[in-house]
Amino acid sequence: MYNKSFRGVLIKGNKTYGQITSEILAPQERKAPLWWFVSMGISTLGMLIGIYAIFITISQGIGTWGVNNSIGWGWGIINFVWWIGIGHAGTAFSIFLLILRQKWRTSINRAAEAMTVVAVICAGMFPMLHMGRIWMAFFIFPYPNSRGPLWVNFNSPLFWDVVAISTYFMASATFWYLGMIPDLATVRDRAKSKIKKAIYGLLSFGWVGSARSWLRFETAAIIMGGLTAPLVIAVHSIVSMDFATSVMAGWHTTVFPPYFVIGAIFSGFAMVLTLMIIIRKVFKFQDYVTEGHIDAIGRILTFISLIMGTAYSTEIFIAWYSGMEGELYTFFHNRIAGDHTKAFWTMVSCNAIIPQLFWFKKIRHSMTMVFIISIIINIGMWFERYVIVITSLTKDYLPSNWASYTPTWVEIGIFVGTLSIFVIGVLLFIRYIPMMAMSELKMILKGTSIITNSNKSKDHE
Amino acid sequence: MNKSKIFGVFDQEEKLVSSIRSIKAKGISISDVVSPYPVHEVFEELNLKTRIPVAAFLYGIFGLLTTFGFLYWTSVVNYPLVFGGKPQNTLSFVIIIFVMVINVTVAFTLITFFLIEKKGPGAKPSVEYPGISDNRYLIVIDITPETDVKALNKLLMDTGAVEITEQ
């Protein structure tokens, strides 16, 4: 039971159900503002740069990237892991909080899930491009073939990745869409133009909201949610095993699966925070995403940041405790000190030190500070992947293999392209889809947000 | 044209639930209740149940058996590749099986939901009334030759309906 007098209301302003519908849908029912078109224009330009860089990669080959025989995994894999991490936010947010029956998720889950779907699409592009011959990408799926038949290696984490990420994409996209159907029906019912009515009529699958449908809908959603929650853990553990099952110094460690999962949730939550602060400010949704919501995410980030710090320290401790020269060299002469010091310390400060500012209530309640820290975390998480991928590969066990790595404009272009695709996805989302789960907000409204006179007198007793 | 359904329209959840109780007490059967969000008391009053969890469990077992069967067939029967003398029927199958159980269960549960609900792209809403996806609740009652429409209308009005229509 949610205690309003102790925790405060979840949705401010004693809203009525009608108000929730009209306020959440207001941005879509208005004409798109100028900034939307400007952002769309800039992102389309960025996406075109990305498409050109992808064209160069496919037509000329991986030689156009900065990778070499020693550093086989450059920006392609760094960005893949970074995007997949961000892609964990939706599910982590929505599903973990759903099965934990956290009612404050309702204002944020829709945006977080949308973000997941776009981020996973961005992530998926990198390993495909990294194959070089993208037209042979179907080789990664096990199907009867004329090569023996030679099956894929079912013992390889790289294949597990294919299975896990495609499943994750399918599960999170369908979970997102299923949750959206009742709200799309609301848009359909309110639509004035025939075209809009027809489009949303098609998208809402004939939803009515009869009691039987609601019961099945809730049951299906909780089953899908319950099943997808362990998948979140599985996906990033498997991504970490791409590294951990190799014998590279700095990668070959048992802390990797939990370290990656936590890191992914960390960056995902930070991205949710960035997005929600923008959405609440631009669309004046302060009543729905209150300071309480931001405060709650801030607290979670403080805790996760402590785990990140512990993971970094554990890695360093084990490198020293193992007494293994390769590990010692990687950590003490190539990360903490050495060629990649800047990247290492950026990672530590952004992920383990700066987020500790969230201990202060004043910081958690200052939207500017929270926004800045959320961006810092995302930068820090990018550097974490950089440190892992690059430092270990530049100096492996054989000094004759040592090499340096700088990305070419093609790699940077692809990254810019994916960032732009992400922004385009978010812009389309805020324009055409109800940004918050209206039916879920309505469901929790009475128990968490309505202050009546009898409530007030009870609170004073 | 003969009307076949009575819609009792409500604007408050509490009134909806108490009206359902009164209608049930009179022995009238309610064919449907429509609301903009799930109302759990309605599920209880109408004694609604779903077997989706049972179906999902069976899909899970199906996913487990097919994935294991496929992995065993490819790696042990069809092309038993020798790698370092390790057994072909390996523990690493567990990871793929774990993920595929989730995959199959999620996909099939969703398909089942849409099939039993008869919903999909292009499906038409079975009930149309302004505000039912916004802030209105409907009690739908089928009119049979035995239905005393006047008495039913009175009962709905007395229990707080803001409007009554027939369709």
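A, B, ... follow the sequence lines: proteins, then strands. Residue 1 opens every chain.
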>> Quick check: do S133(B) and W207(A) have side-chain heavy atoms less than 4.5 Å from each other?
In response: no
>> Let's test your reading of the structure: which of L138(B), I132(B), L71(B) forms the most heavy-atom pairs below 4.5 Å with chain A?
In response: L71(B)
> Is the count of non-hydrogen atoms from other residues, nucleotides or ligands lying under 6.0 Å from I195(A) atom CD1 greater than 12?
Replying inline: no
>> Working note: I181(A) + F114(B), criterion side-chain contact (heavy atoms from CB on, under 4.5 Å); need CA distance, chi angles, decisive distance, verdict.
In response: CA-CA 11 Å; I181(A) 290 174; F114(B) 287 130; 3.6 Å; yes
> Can you check whether P121(B) reaches F205(A) side chain to side chain, under 4.5 Å on heavy atoms?
Replying inline: yes
> Which of the residues D11(B), N78(B), T109(B) is involved in the greatest number of heavy-atom pairs with chain A at under 4.5 angstrom?
Replying inline: N78(B)
> Considering residues, nucleotides and ligands other than K154(B), do more than 12 of their heavy atoms fall under 6.0 Å from its NZ?
Replying inline: no
> Between atom OG1 of T219(A) and atom NZ of K49(B), what is the distance when rounded to the nearest 0.5 Å?
Replying inline: 11.5 Å
>> Taking the side chain as everything from C-beta on, heavy atoms only, tell me whether F175(A) gets closer than 4.5 Å to L110(B).
In response: no
> Based on non-hydrogen pairs under 4.5 Å, which of V39(B), V42(B), V101(B), I96(B) is most in contact with chain A?
Replying inline: I96(B)
> Less than 4.5 Å apart, any side-chain heavy atom of T174(A) and any of V106(B)?
Replying inline: yes
> Backbone N or O of S75(B) within a donor-acceptor pair of the W151(A) side chain at under 3.5 Å?
Replying inline: no
> Picking from L231(A), T228(A), L441(A), T167(A), which has the most non-hydrogen pairs under 4.5 angstrom with chain B?
Replying inline: T167(A)
> Taking S213(A), A220(A), A185(A) one by one, which has the highest count of heavy-atom pairs under 4.5 Å against chain B?
Replying inline: S213(A)
>> Ignoring hydrogens, what is the shortest heavy-atom contact between S439(A) and P36(B)? Give both atom names and the distance.
In response: CB-O, 3.6 Å
>> If you count heavy-atom pairs within less than 4.5 Å of chain B, which of D183(A), I20(A), D189(A) leads?
In response: D189(A)
>> Checking the side chain of K124(B) only, and the main-chain atoms of G201(A) only, is there a donor and an acceptor separated by less than 3.5 Å?
In response: no
> Would a 4.5 Å heavy-atom cut-off, applied to side chains only, mark T16(A) and N135(B) as touching?
Replying inline: no
> Measuring heavy-atom distances to chain B, does M170(A) have an atom under 4.5 Å in its side chain, in its backbone, in both, or in neither?
Replying inline: side chain
> If you take all heavy atoms of D134(B) and K442(A), which pair is closest and at what distance?
Replying inline: O-NZ, 2.9 Å
> Is the closest side-chain heavy-atom distance between I102(B) and Y168(A) below 4.5 Å?
Replying inline: no
> Given a strict heavy-atom distance threshold of 4.5 Å, which part of E14(B) is in contact with chain A: side chain, backbone, both, or neither?
Replying inline: side chain
>> Does any backbone or side-chain atom of L202(A) lie under 4.5 Å from a heavy atom of chain B? Answer side chain, backbone, both or neither.
In response: both
> Using non-hydrogen atoms only, which part of I238(A) is less than 4.5 Å away from chain B: side chain, backbone, both, or neither?
Replying inline: side chain
>> Counting heavy-atom pairs under 4.5 Å with chain B, which one of I222(A), V235(A), N155(A) comes out on top?
In response: N155(A)
> About how many Å separate CD1 of I116(B) and CZ of R216(A), when rounded to the nearest 0.5 Å?
Replying inline: 4.0 Å
> Can you tell if the side chain of E117(B) reaches within under 4.5 Å of the side chain of V208(A), non-hydrogen atoms only?
Replying inline: no
>> Would you say CZ of F62(B) has more than 12 non-hydrogen atoms from neighbouring residues, nucleotides or ligands within 6.0 angstrom?
In response: no
> When only pairs under 4.5 Å are counted, which of R212(A), E440(A), R190(A), M438(A) shares the most heavy-atom pairs with chain B?
Replying inline: R212(A)
> Between V99(B) and A164(A), what is the shortest heavy-atom contact and its length?
Replying inline: CG1-CA, 3.8 Å
>> Quick check for you: among G122(B), A55(B), G131(B), G60(B), which has the greatest number of heavy-atom pairs under 4.5 Å with chain A?
In response: G122(B)
> Looking at OG1 of T67(B) and CZ of F154(A), how far apart are the two atoms once the value is rounded to the nearest 0.5 Å?
Replying inline: 10.5 Å
> Going by the angle between their ring planes, with limits at 30° and 60°, are Y37(B) and Y17(A) parallel, tilted or perpendicular?
Replying inline: tilted
> Where on P144(A) is there a heavy atom nearer than 4.5 Å to chain B: the side chain, the backbone, both, or neither?
Replying inline: neither
> Does the gap between the ring centers of F98(B) and W160(A) come in under 6.0 Å?
Replying inline: no
>> Do L215(A) and P38(B) make a side-chain contact, defined as non-hydrogen atoms from C-beta onward lying under 4.5 Å apart?
In response: no
> Can you say whether L48(B) sits under 4.5 Å from chain A via the side chain, the backbone, both, or neither, judging by heavy atoms?
Replying inline: both
> Would S204(A) and K119(B) satisfy side-chain contact (heavy atoms from CB on, under 4.5 Å), going step by step from the backbone distance to the final call?
Replying inline: CA-CA 9 Å; S204(A) 60; K119(B) 288 192 170 32; over 6 Å; no
